[in-house]
Amino acid sequence: MAQPGCGTDVSKATLTGSLQPCQETVGGNWNGWIAPEGLSPNHLKKAKLMFFYTRYPSSNMLKMFFSDVKFNRCITSQLIKWFSNFREFYYIQMEKFARQAINDGVTGVEDLSISRDSELYRALNMHYNKANDFEVPERFLEVAQITLREFFNAIVAGKDVDPSWKKAIYKVICKLDSEVPEIFKSPNCLQELLHE
DNA sequence: GTCAGTCCTG
DNA sequence: CAGGACTGAC
């Protein structure tokens with residue numbers, strides 16, 4: 001049909017060699033062993049819990065709260081990446097539930113609230129706090145509800161026709177970050193947080 | 001050129 | 001969640 005095959009050969013030569021294998025020069029390389037020293041599963045767990053407070057942590061903030069890790073470009077980008085992935089999941093859930101509500105006949109945001117027994121809450125909690133051994137801060141519920149309503153209104157208003165309609169929502173949500181409790185700065189915060 | 005961020009894949 | 005491609009600001 002319409003495949004002239006003559007106007008789409010622009011790409012394929014963008015290997016600018018700007019890729020960095022992230023092989024930080026390991027100074028202390030005794031007897032040939034290179035200590036990986038990456039982020040541990042606990043760091044991931046901690047990051048997820050932090051997400052309940054901050055959706056958009058700055059790299060500086062991350063360095064403060066993960067003082068026990070030696071930051072290099074890889075670690076930094078990996079942590080940034082984690083939060084980016086966290087946000088993706090978060091927003092995908094929000095959109096999903098907002099659309100579901102609309103399909104279910106909900107007409108106003110007044111009928112969209114998020115409590116600890118909401119399906120949406122359970123989905124989020126399952127993702128960031130799977131073991132359910134952390135008490136999710138109330139503020140997170142509020143932010144989640146605001147986000148859900150933001151999506152709901154945007155969709156109802158037909159904003160989603162614009163390819164970048166979510167940007168406006170992100171702009172709103174990024175301002176709702178809370179202060180992360182000082183305890184999170186402790187390398188052993190998990191034990192302390194989950195002990196209570 | 002780098003780097004933080006996103007998109008979208010797997 | 002990690003990879004890879006890509007964008008945008010520095």
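Chain identifiers are assigned alphabetically (A, B, ...) following the order of the sequence lines, protein sequences preceding nucleic acid strands; residue numbering begins at 1 within each chain.
A close approach under 4.0 Å does occur between a side-chain nitrogen or oxygen of A:Ser84 and OP1 or OP2 of B:dT6. When the side-chain nitrogen and oxygen atoms of A:Arg73 are compared with OP1 and OP2 of B:dT2, none of them lie within a distance under 4.0 Å.
Comparing B:dA4, B:dC3, C:dA2 by their nearest atom to the side chain of A:Trp82 picks out C:dA2. Here C:dC1 is the nucleotide among B:dT2, C:dC1, B:dC7 with the atom lying nearest to any side-chain atom of A:Lys48.
In this structure A:Val180 satisfies the side-chain contact (heavy atoms from CB on, under 4.5 Å) test together with A:Met50, A:Tyr53, A:Thr54, A:Phe65, A:Phe184, sequence neighbours excluded.
Interatomic distance, A:Glu142 CD to A:Ser113 OG, rounded to the nearest 0.5 Å: 12.5 Å. Once rounded to the nearest 0.5 Å, the distance linking CD1 of A:Ile146 with CD1 of A:Ile169 reads 12.5 Å.
A 6.0 Å sphere centred on CD of A:Glu119 holds no more than 12 heavy atoms belonging to other residues, nucleotides or ligands. Remark: A:Met126 CE is loosely packed, at most 12 non-hydrogen atoms of other residues, nucleotides or ligands lying under 6.0 Å away.
Ring-plane geometry between A:Tyr91 and A:Tyr170 is classed as tilted, the angle between the planes lying from 30 to 60 degrees on a 0 to 90 degree scale.
Defined by atom type and a distance below 3.5 Å, a donor-acceptor pair is present between the side-chain atoms of A:Ser115 and A:Asp117.
Here C:dC1 presents its P atom at 14 Å from NZ of A:Lys45, a figure rounded to the nearest Å. Put simply, NZ on A:Lys171 is 16 Å from C1' on B:dT6, counting in whole angstrom units.
Sequence order on DNA chain C of the closest nucleotides to A:Phe86 and A:Lys81 puts A:Phe86 first from the 5' end.
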Distances for protein N/O vs nucleotides 8-10 of chain C N/O pairs under 3.5 angstrom?
none

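No engagement by A:Ser59 is indicated, since no non-hydrogen atom pair under 4.0 Å with the nucleic acid exists.
Contacts with DNA chain B (heavy atom under 4.0 Å) in residues 87-97 of chain A: A:Arg87, A:Glu88, listed by number.
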